[in-house]
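Just so you know, residue 1 is the first one in the sequence shown, and it goes up from there. For clarity, every value in this text was computed on a predicted model and none was experimentally measured.
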Amino acid sequence: MNLTLKIWRQTGADDKGGIHTYEVSGISQDMSFLEMLDVLNEQLNELGEEPIAFDSDCREGICGMCSLMINGEAHGPEVTTTCQLHMRSFKDGDTITIEPWRSSAFPVIKDLCVDRSAFDRIIQSGGYISANTGSAPEANSVPVPRDNAVRAFNVATCIGCGACVAACPNGSASLFLGAKITHLGELPQGQPERWSRVVDMSAQHDHEGFGGCTNIGECTAACPKEIPLDVISQLNRDLRTAMKHGH
């Protein structure tokens, strides 16, 4: 495959940045999208040019580091992570535009890399259980209804990639926040801090500069782990209850 790549280049958060065009050839349809970028960077190295900075880690769809806007879609045309997107999703001769996440809460570090530490600060503000339980308890020592356990497991699959923010016209992280709130809110261990958790994490979300949710649904459509939109409803219900009782 021969491709034309239009890639965002930016030296840092204070740089204006812009789109640069590259031609890449010899791309196999069996390559992942990141492997295709590796080939381009090898070509740039051979030419003595600065390689393109992009994030990756596990390359197995687990860590969420490989976050890119591809032709205006978070993670590209398939509902998966960028590292699990393969070049068979494109055609020979295609022009592909590649950009970093666009959010004021995710400042560009360099080229396609953005700083997503805002998510870490949201978790640090309350996305945990502070009770000291010692070593891990036996799995069946705390009874949990099956439906609650399944829901908690399903929403805990959120990998914090930020696709929800990138896809949302408002730049909201409500799907990410809702997944974390719902995960702990479904479990008995999460109940003692349930109301303070949702207040503190919601306040940190707003402080980081993320936008508000208007239920457009682009977030869940782009989510590679298919987190359902109803976690935002759970978030809103818990927040209203917490505020009503003065938390």
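In this structure, D238 CG and M243 CE are separated by 13.0 Å, a value rounded to the nearest 0.5 Å. The SG atom of C164 lies 8.0 Å from the CZ atom of F210; values are rounded to the nearest 0.5 Å. Separating the CG atom in L184 from the CZ atom in R197 is a distance of 4.5 Å, to the nearest 0.5 Å.
Other residues, nucleotides and ligands contribute over 12 non-hydrogen atoms within 6.0 Å of the CG atom of D92.
Side chain to side chain, E186 and N148 meet the donor-acceptor criterion of an N or O pair below 3.5 Å. Looking only at atom types and distance, the side chain of D94 has no donor-acceptor partner in the side chain of T4 under 3.5 Å away. Counting only N and O atoms by type, the side chains of Q234 and T182 include no donor and acceptor under 3.5 Å apart. Residues D200 and Q204 bring no donor and acceptor atom of their side chains to less than 3.5 Å of each other. Side chain to side chain, S130 and E193 meet the donor-acceptor criterion of an N or O pair below 3.5 Å. Counting only N and O atoms by type, the side chains of T241 and R194 include no donor and acceptor under 3.5 Å apart. H75 and T82 form a side-chain donor-acceptor contact under 3.5 Å, judged by distance and modelled atom types alone. Using modelled atom types, one finds no donor on one side chain facing an acceptor on the other under 3.5 Å when comparing R121 with S125.
Using a 4.0 Å cut-off between charged side-chain N and carboxylate O, R59 and D38 make a salt bridge. With salt bridges taken as basic N to acidic carboxylate O contacts below 4.0 Å, none links K110 and D115.
Here the side chains of I227 and T157 are in contact, with some heavy-atom distance below 4.5 Å.
For F90, the ring-ring contact (aromatic ring centres under 6.0 Å, His included) test picks out F33, with sequence neighbours left out.
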